[in-house]
Amino acid sequence: MDKVMRMSSEKGVVIFTKSSCCLSYAVQVLFQDLGVSPKIHEIDKDPECREIEKALLRLGCSKPIPAVFIGGKLVGSTNEVMSMHLSSSLVPLVKPYLC
C-alpha cells in the first residue's frame with residue numbers, strides 16, 4: 001500500500017489504469033479534455049500489478065481500475081469520476097492542476 005500512496009502523490013492528478021481497459025481510456029480522455037495532464041500508471045506493466053490492485057481495493061476503490069487520485073486523495077473509479085463531472089463538482093477539484 002505504501003507504493004500506491006507514493007505513486008498517487010507523484011502529480012496533482014494520478015490515474016491507475018490497465019493498457020487494455022476502455023474505461024481507463026475514457027477517464028484519461030475526460031481529464032485531457034478538461035485541460036489536465038494526469039500521471040498515468042499502467043499497472044499491467046508493473047511486476048507488482050496484483051498487489052497494486054489489492055491496495056487500491058483496500059483504499060476503498062469500488063473497482064481497482066481505473067482508480068483516480070486528485071491531490072493525493074482517492075476520488076474513485078469511472079462511476080465516481082463521471083458522476084462528479086456530470087454534477088459539475090469535478091472541475092473545481094482539478095482547477096489547481098490545469099495545464
- Query: Side-chain heavy atoms under 4.5 angstrom apart, residues restricted to Ile, Leu, Val, Met, Phe, Trp, Tyr: same cluster for Ile15 and Val75?
  - Reply: yes
- Donor-acceptor contact below 3.5 Å, side chain Glu53 vs main chain Arg50: no
- About how many Å separate OG of Ser24 and CZ of Phe16, when rounded to the nearest 0.5 Å? 11.5 Å
- Does any N or O in the side chain of Ser87 come within less than 3.5 Å of the main-chain N or O of Met84, such that one atom is a donor and the other an acceptor? yes
- Query: Are Phe31 and Val81 close enough that some pair of their side-chain heavy atoms sits under 4.5 Å apart?
  - Reply: yes
- Kindly indicate whether the side chain of Glu10, heavy atoms from C-beta on, has any atom under 4.5 Å from the side chain of His41. yes
- Query: What distance separates Ile65 CD1 from Leu23 CG, expressed to the nearest 0.5 Å?
  - Reply: 11.0 Å
- Task: Indicate yes or no for a side-chain donor-acceptor contact from Ser8 to the backbone of Met5 under 3.5 Å, with no hydrogens or angles considered.
- Result: yes
- Any side-chain heavy-atom pair from Cys61 and Leu74 closer than 4.5 angstrom? yes
- Correct closest heavy-atom pair for Lys18 and Ile43 would be CG-CG1, 4.1 Å
- Query: Are the side chain of Ser77 and the backbone of Pro66 linked by a donor-acceptor contact shorter than 3.5 Å?
  - Reply: yes
- Do Pro38 and Lys11 come close enough that some side-chain heavy atom pair is under 4.5 Å? no
- Is there a path of hydrophobic side-chain contacts, each under 4.5 Å between heavy atoms of I, L, V, M, F, W or Y residues, that connects Met7 with Val36? no
- Query: Looking at side-chain heavy atoms only, is the closest gap between Leu56 and Phe69 below 4.5 Å?
  - Reply: yes
- Tell me, which pairs form a salt bridge (Lys or Arg N to Asp or Glu O under 4.0 Å) where one or both residues lie in residues 22-43, sequence neighbours left out? Glu42-Lys45
- With a 4.5 Å heavy-atom cut-off, do Leu90 and Ile70 have their side chains touching? yes
- Query: Transitive ILVMFWY cluster of Tyr25 at side-chain heavy atoms under 4.5 Å: who else is in it?
  - Reply: Val29
- In this structure, are over 12 heavy atoms from other groups packed under 6.0 Å from Lys95 atom NZ? no
- Message: Using only atom types and a distance under 3.5 Å, with no angle test, would you say the side chain of Asp44 pairs donor to acceptor with the backbone of Ser19?
- Response: yes
- Query: Atom CD of Gln32 and atom CD1 of Ile40: how far apart are they, to the nearest 0.5 Å?
  - Reply: 7.0 Å
- Message: If hydrophobic clusters are built from ILVMFWY residues whose side chains come within less than 4.5 Å, do Tyr97 and Val27 share one?
- Response: yes
- Measure the CG-NE2 distance between Leu93 and His85 for me, rounded to the nearest 0.5 Å. 13.0 Å
- If two hydrophobic side chains count as joined below 4.5 Å and joins carry through other members, does Val91 share a cluster with Met82? yes
- Task: Decide whether Ile52 and Val68 are clustered together by the hydrophobic rule: side chain heavy atoms of Ile, Leu, Val, Met, Phe, Trp, Tyr closer than 4.5 Å, transitively.
- Result: no
